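Only one structure is covered here, and it is reproduced in the block below.
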There are 2 protein chains.
Amino acid sequence: MEAATLKDIARELNISVSTVSRALRDSYEINAETKRLVMECAARLHYRPNPIALSLKGSSSKAIAVVVPQIANYYFSQAINGIEEVANRRGYDVLIFQTHETYEREVANLRQAVARRVDGVLISLSSESSSILHLQELQQQGMPIVQFDRVSAELNTPRVVADNFGGAFAATEHLLKTGRRRIAHLTIQPWLSITQERLAGYRAALEQYGMPYDENLVRFSTFGPDEVGPLVNELLALTPRPDAFFTASDRLAVGCLAALHQRHLSIPEDISLVGFTNLTVADMLSPSLSTVMQPALEIGQVAVGRLLDLIERKHRAEPPSTVTIPTTMVLRASSQLAMTEQSFI
Amino acid sequence: MEAATLKDIARELNISVSTVSRALRDSYEINAETKRLVMECAARLHYRPNPIALSLKGSSSKAIAVVVPQIANYYFSQAINGIEEVANRRGYDVLIFQTHETYEREVANLRQAVARRVDGVLISLSSESSSILHLQELQQQGMPIVQFDRVSAELNTPRVVADNFGGAFAATEHLLKTGRRRIAHLTIQPWLSITQERLAGYRAALEQYGMPYDENLVRFSTFGPDEVGPLVNELLALTPRPDAFFTASDRLAVGCLAALHQRHLSIPEDISLVGFTNLTVADMLSPSLSTVMQPALEIGQVAVGRLLDLIERKHRAEPPSTVTIPTTMVLRASSQLAMTEQSFI
DNA sequence: TTTATTTGCGCAAACGTTGTCGGCAACGTT
DNA sequence: AACGTTGCCGACAACGTTTGCGCAAATAAA
């Protein structure tokens, strides 16, 4: 009943451990009959190779690390689901690490990952990580690394990101096309790659439609409590008043929603609202929330695919490339007059 | 720069590996001066013991497994945060596994956990796991196990749960005290312990206040798409119409909210609404959602504390006990007339 | 001085696995 | 008959660590 080892099989069959090992690996220098016996015995004893011993031997631990800011975040947990799915299918375990947005924990996590002999690292940078020396060093030591979502251009690895620019462009364009002229943009920490790309998409759309860019309409916020309301109030106090809000996250969008409700502004009649990323309850809000959906699952799948290819050296000299996964504009009631009264459950 | 080993230190100091090992473990049979030298050298080379080798030796891997249905769930990811915090502080790593609510994955995850030589297992049962033989077997093999949140009475381990009964009782009582008389209860899979306890709390409160229990007012739902709306409609069709909804999850509550909005019912004037668990956006909905808050973080902290005590044999013969963590009733606008127009951001 | 005891350290085994080597039959080749 | 080839298998080392045992020197007791 206890975990069987090669030694158990060897004893049972009165042969040596090495022969058992080779038989199970289907080595050419083992007799077919012996192989059959070993296989049969292994199955009978429910033999499973001990990954710890394999790791110690130094070959491969068949485990990868995924380092994310936090898992209490639908986007990241979805990405992890995609990662796990593909990794497991290809025979790898996934070790999950949270940085809680601090540089210190990011370093500690990577140290742990190395200690546990992972074969590779998937990382989405913590918002506090301005320096990436720890990652460059890790890479120089030969650790395969792939970045996703929050990436750094200074670290020369494959990157998998959502089309933040395209998504923001589409959202802004949608608002413009539905007649909005003063579009406020509520967004997150300005130094993140995703923030910059979304802001760029917003600006590009304004420009293409001949609308002026007004930096008063752009506000940066963290997720601190009681932070969104005041910002929304500031924006609403501007003249002329904004007629649309485009937020860089659904969490911000929900905050907007509440603040607008409170001021008895009707959505989308008075103000249109479009969010970003994919909160599960977006379709259940009132009004249901238009949003730029990021394919978190797919990003995870693609990213881990790259990493495993890297580990298994399928693409040796191929230079690291950046994969951009398209986002989808999901139109719901919060930005479409016609849908306000429509059934959406 | 590469991971230093005992051997490296031994070579550097011209002593044996065993001496280094013992010096680092502060063994009594090593000279103080030698210890000093070893410590100094270890620090200089950034020596970190190799957890893989330690695990192989069979003693302790300093890692625990936490097995949950899914991490894409605010409740579980919060619990994991609590688990990680305490575990790390006590020197343990946390390996996270998802069952995706299937029995098959639960078994596979536990197998992996064993293979990776974890020192103990924290588990919240998958909704599909009717049999718990795999866990009983694991326990018989000496693996320390603690159950949390979704627990089974058939498995004799310490248990850490939220006060589901008390929370449901408080919510129902609150609704009754604010004058509601026909309280519908929308809940989840009937065979889960948490479902049964919440239902019992709901019934007990009704009974205490002399209200009849009407099973027509109780509906079970999964989270399938387009499932909540029809159920709400069915309930609203009853005569007399319910004047309050108490849901066993915030996800269901949000669904209710949307369905009620759609029928132009005002909350809480026409219908009061109270949810359960702790969606992040509960306070940002319109109206803000009254809810029974579960201290997910604390549950995780307490559960992992129990497990580590078990692992370190702090309480040898102590029989497994069940710890119930109190829930908190958070009153917001959806169940209180007075708060409807109040500022809540 | 001889005999115990302590102090300080090294050797080797063990955990489960893989890989390198070498051995020894049974062949086929000169 | 002597030699090289195969085919099949076992012994051994190694990965990094802990630990039981033993051995020497230093110290204490006789």
Side-chain angles (χ1 to χ4, degrees), chain A residues 2-39 41-42 45-63 91 111-112 114-119 142, chain B residues 2-39 41-42 45-63 91 93 111-112 114-119 141-142:
Chain A
E2 261 301 336
T5 70
L6 291 184
K7 204 187 287 182
D8 298 323
I9 302 181
R11 196 184 316 114
E12 183 109 353
L13 266 47
N14 263 320
I15 56 179
S16 81
V17 174
S18 5
T19 302
V20 176
S21 172
R22 272 179 290 238
L24 289 174
R25 315 209 128 262
D26 204 28
S27 160
Y28 69 98
E29 44 180 352
I30 298 295
N31 186 292
E33 173 63 7
T34 311
K35 280 185 192 171
R36 203 189 53 71
L37 279 171
V38 170
M39 301 286 195
C41 186
L45 299 184
H46 302 109
Y47 170 78
R48 307 252 172 261
N50 182 332
I52 306 265
L54 289 179
S55 308
L56 225 213
K57 271 303 280 183
S59 52
S60 127
S61 65
K62 286 288 181 186
R111 204 195 301 289
Q112 273 302 334
V114 170
R116 298 233 168 245
R117 292 278 192 277
V118 295
D119 294 340
Chain B
E2 261 301 336
T5 71
L6 291 184
K7 204 186 288 182
D8 297 323
I9 303 182
R11 196 183 315 116
E12 184 108 354
L13 265 48
N14 262 320
I15 56 179
S16 81
V17 173
S18 22
T19 303
V20 176
S21 171
R22 273 183 277 244
L24 289 173
R25 316 208 123 259
D26 205 28
S27 161
Y28 68 98
E29 45 181 350
I30 299 294
N31 186 291
E33 173 62 10
T34 312
K35 280 183 192 171
R36 204 190 51 73
L37 280 172
V38 170
M39 300 287 193
C41 185
L45 299 184
H46 303 108
Y47 171 77
R48 306 253 172 259
N50 182 330
I52 306 264
L54 289 180
S55 309
L56 223 213
K57 271 303 281 182
S59 52
S60 129
S61 66
K62 286 289 180 184
D93 280 350
R111 204 196 301 288
Q112 272 302 331
V114 170
R116 298 232 167 245
R117 290 280 190 279
V118 295
D119 293 339
Q141 288 169 16

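Quantities reported herein were computed from a predicted structural model and do not represent experimental measurements.
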Quiz item: How close or far is atom P of C:dT7 from atom NZ of B:Lys35, stated in whole angstroms?
Solution: 12 Å
Practice problem: May I ask you to verify if any side-chain N or O of A:Thr34 is less than 4.0 angstrom from the OP1 or OP2 atom of D:dC9? | Solution: yes
Quiz item: Of the non-hydrogen atoms in B:Cys41 and B:Glu12, which two are nearest, and what is the gap between them?
Solution: SG-CG, 3.8 Å
Quiz item: If every non-hydrogen atom of A:Ile52 is compared with every non-hydrogen atom of B:Leu56, which pair is closest and at what distance?
Solution: CG2-N, 3.7 Å
Quiz item: Is there side-chain contact between B:Val114 and B:Arg111, with at least one heavy-atom pair below 4.5 Å?
Solution: no
Self-check item: Check: A:Thr19 and A:Thr34 side chains under 4.5 Å, non-hydrogen atoms
Solution: yes
Quiz item: How long is the line joining CG of B:Leu13 and P of C:dG8, in whole Å?
Solution: 17 Å
Self-check item: Distance, rounded to the nearest Å, where B:Arg116 contributes CZ and C:dG16 contributes C1'
Solution: 14 Å
Practice problem: Could you point out which residue of B:Leu6, B:Val38, B:Ile9, B:Ile30 forms a side chain to side chain contact (heavy atoms under 4.5 Å, CB included) with B:Ser21? | Solution: B:Leu6
Practice problem: Would you mind reading off the distance between B:Glu29 atom CD and C:dT5 atom C1', rounded to a whole angstrom? | Solution: 15 Å
Exercise. Could you check how far CG of A:Leu24 sits from P of C:dT18, rounded to whole Å?
Key: 8 Å
Quiz item: Atom OH of A:Tyr28 and atom C1' of C:dT18: how far apart are they, to the nearest Å?
Solution: 15 Å
Dump every N/O contact between nucleotides 11-17 of chain D and the protein below 3.5 Å, one line per pair.
| from | atom 1 | to | atom 2 | distance (Å) |
| --- | --- | --- | --- | --- |
| D:dA11 | N7 | A:Ser18 | OG | 3.4 |
| D:dA11 | N6 | A:Ser18 | OG | 3.4 |
| D:dA14 | N3 | A:Lys57 | NZ | 3.0 |
| D:dC15 | OP2 | B:Lys7 | NZ | 2.9 |
| D:dT17 | OP1 | B:Tyr47 | OH | 2.7 |
| D:dT17 | OP1 | B:Asn50 | N | 3.2 |
| D:dT17 | OP2 | B:Leu6 | N | 2.6 |

Self-check item: Interatomic distance where CG belongs to A:Asn31 and C1' belongs to C:dC24 [whole Å]
Solution: 16 Å
Self-check item: From CA spacing to verdict: side-chain contact (heavy atoms from CB on, under 4.5 Å), B:Asp93, A:Gln112
Solution: CA-CA 8 Å; B:Asp93 280 350; A:Gln112 273 302 334; 2.6 Å; yes
Exercise. Rounded off to whole Å, could you give me the CD1-to-C1' distance for the B:Ile52 and D:dT18 pair?
Key: 16 Å
Exercise. Could you please name the partner base of C:dT1, counting Watson-Crick and G-U wobble pairs only when both distances are under 3.5 Å?
Key: D:dA30
